[in-house]
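The model shown is predicted, which means the values in this text are computed figures rather than measured ones. Every chain is numbered from 1 and lettered A, B, ... according to where its sequence line falls, protein lines coming before strand lines.
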Amino acid sequence: MLDIKLIRERPDFVRERLAARGAGDEAHIDELLKLDEQRRKLLGEVEALKAQRKRVSKEIGALMGQKKIEEAEAKKKETGDLGDRITVLDKQAEEAEAARNQLMLRLPNLPHESVPVGKTAEDNPVVRVHGEKPAFDFKPKSHVELCESLRLVDFTRAVNLSGSGFVLYTHWGAKLERALIQFMLDLHTSEHGYTEVSPPFMVGPQCLEGVGQFPKFADQYYAVREGLDDSTLGKLYLIPTAETPVANIHRGELLKESELPIRYCAYTPCFRGEAGAAGVGTRGMIRVHQFDKVELVGIVKPEDGYAEHEKMVTYAERVLQMMGLHYRVVLLCTGDMGFAAAKTYDLEVWAPGQGSYLEVSSVSNCEDFQARRMNLRFKGGTGDNRFPHVLNGSGTALARLFVALVETYQQADGSLVVPKALQAYLKTERIQA
RNA sequence: GGAGAGAUGGCUGAGUGGCUUAAAGCACACGCCUGGAAAGCGUGAGUGGGCUUAAACCCCACCCUGGGUUCAAAUCCCAGUCUCUCCGCCA
């Protein structure tokens, strides 16, 4: 959520920043300001009436104490219809405030000034490249073919279980998935200073609202119903990312400055409806309804937000480096950024069998946008309450990383070489049929 | 699913209709004390909103949520949510 005071004081700046996203959100600012003005006007009127009521009530109390019943009764008449008028105005003020807040919840974050203005992914500058595309003296196969011949994934039976868009890892495939999760958690906790947490995989709607997934994108997530009781529908949702529960851990809290920075990492599965995208997807594991991910979340003082952001990107990169994969880092342009982000880097890993880069990590600084939504604050040195910056980054997503690994490490004989960093976890140097 | 207890500031916890402007303690900030610290003593300080160049002052709201009674509600009434304890079922 944006700061209403900023919108009031610098509406043109806010309009300009929203317009940079190219989604037309700046059009709502006029209406927002109107509702805000209305609310403040009504508030002024109703508060004056309440002050009057309060004053007279006190006088009545004093008179009653002195047994001056008649005078008290006269005062009661004086308050007369005050209560009714207050009720009416109160309701109007509440309505204006509710309408204003609804609009506020649907406005995306303002892009940071260092973010290039652009419309689509084509406008995202590449900020650095690591390694080179691996050379093959044979035609590299797709992960679909490799997974089937090595029995790493059973695509056919996965459909029997859950329909398209789900993966059944088998045999060495299941072990590889588990090894990757453990490798990443170990790396971030032992070398990058993160505290491991293992959150619920279902959360209430307030958590989705807190990170900006609700209310605007409510159609993209899985709502859960308990048994056959329809009244329970929507009380819980399957998490689309660990960011949803983990960033909300301290929702509503007033932290001490000394508690910051907070750095959490978590493994969770991620569930995404990808509404309207049915049938997309190449056969395989590039776009699925459920995938595993290790996520990094940071809660830091605002002045540390962007230094933390740069650091977090390098932590995600470290995973790919240790896997020996070729990747590039891109800076998302204004038009390609997510709703809550002020600045985002994506990590794209090379998949030789696809002949393309796959997005395996997205690292964002949401500044105080999410902290406002979840009312997460910390007490600063001078005793004032401030909103921290909240950051999240994949470190990294599986499924696509799995694809890149399988396609990168395939050998002419159809086997896979296991990258050094994973050998201790898998207890083998090679996977073969 | 059954029975009971509870929800008050950053935390603990008093408070049964108007001397509550929410006691007290802890934690916090500042001062005194000290070679320095701790302890002790003193002072300050809840949150959000409206006003304000800024600060102070002033005003309103807030004691789980939503209704209701009343001139007046943390306090009384109704409904709901959540938490805890015990029992049942369960991996």
Side-chain angles (χ1 to χ4, degrees), chain A residues 1-10 32-101 104-105 198 200-207 209-210 226-236 245 248-260 262 299 301 368 371-388:
Chain A
M1 198 149 59
L2 301 176
D3 182 359
I4 184 66
K5 283 184 184 150
L6 178 71
I7 302 177
R8 257 181 229 152
E9 286 161 19
R10 302 178 61 196
L32 183 61
L33 286 172
K34 205 179 103 192
L35 286 167
D36 183 53
E37 181 58 39
Q38 233 172 58
R39 168 182 168 272
R40 288 195 286 165
K41 183 165 167 283
L42 288 164
L43 227 46
E45 292 174 26
V46 77
E47 282 183 3
L49 291 178
K50 282 182 179 174
Q52 192 184 341
R53 177 175 70 179
K54 211 173 181 177
R55 211 165 45 236
V56 177
S57 272
K58 271 210 162 80
E59 290 167 12
I60 293 173
L63 291 171
M64 299 288 268
Q66 299 161 32
K67 304 283 181 212
K68 297 182 179 170
I69 308 298
E70 276 176 34
E71 283 181 54
E73 288 301 324
K75 289 277 187 189
K76 283 189 195 181
K77 273 183 193 153
E78 186 182 320
T79 61
D81 62 344
L82 266 184
D84 291 339
R85 285 162 64 199
I86 288 172
T87 305
V88 170
L89 285 173
D90 242 350
K91 190 154 173 273
Q92 287 176 5
E94 263 171 46
E95 282 166 1
E97 181 167 327
R100 183 194 75 168
N101 291 346
M104 294 279 286
L105 283 173
S198 181
F201 299 162
M202 295 193 282
V203 294
Q206 74 280 8
C207 292
E209 185 178 289
E226 186 180 338
L228 299 176
D229 182 357
D230 279 330
S231 73
T232 62
L233 183 65
K235 286 191 173 174
L236 290 172
N248 276 288
I249 286 175
H250 298 286
R251 78 176 353 262
E253 291 186 27
L254 180 56
L255 300 168
K256 290 178 192 150
E257 187 170 19
S258 60
E259 293 180 83
L260 302 180
I262 291 172
I299 302 172
K301 287 186 268 182
D368 60 12
R372 281 179 196 284
R373 287 178 162 244
M374 54 181 88
N375 194 26
L376 166 62
R377 297 164 302 167
F378 72 96
K379 195 167 273 297
T382 51
D384 53 333
N385 298 330
R386 306 167 65 199
F387 292 107

Determine the Euclidean distance between corresponding [atom1] atoms of [M] and [N]; express it in Å to zero decimal places.
| N | M | atom1 | answer |
| --- | --- | --- | --- |
| B:rA27 | B:rC82 | C1' | 27 Å |
| B:rG66 | B:rA74 | P | 14 Å |
| B:rU83 | B:rU65 | C1' | 14 Å |
| B:rG31 | B:rA23 | C1' | 25 Å |
| B:rA72 | B:rG68 | C1' | 15 Å |
| B:rA5 | B:rC62 | C1' | 26 Å |
| B:rG2 | B:rG80 | P | 13 Å |

Tell me which nucleotide, if any, is Watson-Crick or G-U wobble paired with [N] when both distances must be under 3.5 Å.
| N | result |
| --- | --- |
| B:rU85 | B:rA3 |
| B:rA79 | B:rU65 |
| B:rU43 | B:rA29 |
| B:rA14 | none |
| B:rU20 | none |
| B:rU34 | none |
| B:rA56 | none |
| B:rA91 | none |

Note: for A:A48 and A:N385 on RNA chain B, the residue whose nearest nucleotide lies more 5' is A:N385
Using the closest heavy atom to pick a nucleotide of RNA chain B for each, name whichever of A:I4 or A:K235 lands nearer the 5' end. A:I4
In sequence, state the C-alpha distance, the side-chain angles, and the governing distance for A:D90 and A:K50, and then conclude on salt bridge (charged side-chain N to carboxylate O under 4.0 Å, His left out). CA-CA 10 Å; A:D90 242 350; A:K50 282 182 179 174; 3.2 Å; yes
Distance check needed: [N] [atom2] versus [X] [atom1], whole Å only.
| X | N | atom1 | atom2 | value |
| --- | --- | --- | --- | --- |
| A:E94 | B:rG67 | CD | C1' | 12 Å |
| A:Q206 | B:rC82 | CD | P | 11 Å |
| A:N375 | B:rG10 | CG | C1' | 13 Å |
| A:L89 | B:rG49 | CG | P | 22 Å |
| A:R53 | B:rA73 | CZ | C1' | 11 Å |

Look at atom CD of A:E45 and say whether more than 12 heavy atoms of other residues, nucleotides or ligands are closer to it than 6.0 Å. yes
Base, sugar-phosphate alone, or nothing: which one does [X] contact when heavy atoms must sit under 4.0 Å apart?
| X | answer |
| --- | --- |
| A:R55 | nothing |
| A:R8 | sugar-phosphate |
| A:I60 | base |

CD1 of A:I60 to CZ of A:R53: how many Å apart, nearest 0.5 Å? 11.0 Å
Within this structure, what is the CG-CZ distance for the pair A:L32 and A:R8, rounded to the nearest 0.5 Å? 9.5 Å
Residue [X], side-chain atoms from C-beta onward, closest of [options]:
| X | options | value |
| --- | --- | --- |
| A:R377 | B:rA72, B:rG48, B:rG49 | B:rG48 |
| A:E47 | B:rG49, B:rU47, B:rA61 | B:rG49 |
| A:L254 | B:rG10, B:rG18, B:rG50 | B:rG10 |
| A:R40 | B:rG49, B:rC51, B:rU47 | B:rC51 |
| A:K50 | B:rU21, B:rC60, B:rG49 | B:rC60 |
| A:A51 | B:rG48, B:rG18, B:rC60 | B:rC60 |
| A:K256 | B:rA27, B:rC59, B:rU47 | B:rA27 |
| A:K54 | B:rA61, B:rU47, B:rG50 | B:rA61 |

Start with the C-alpha gap between A:E59 and A:R55, add the side-chain angles, then the distance that decides, and say whether salt bridge (charged side-chain N to carboxylate O under 4.0 Å, His left out) holds. CA-CA 7 Å; A:E59 290 167 12; A:R55 211 165 45 236; 5.2 Å; no
Check against salt bridge (charged side-chain N to carboxylate O under 4.0 Å, His left out), A:K379 and A:E257: CA-CA 6 Å; A:K379 195 167 273 297; A:E257 187 170 19; over 6 Å; no
Among A:R40, A:Q38, A:K34, which one satisfies side-chain contact (heavy atoms from CB on, under 4.5 Å) with A:D36? A:R40
Phosphate oxygens OP1/OP2 of B:rG50: is one of them under 4.0 Å from a side-chain N or O of A:K41? no
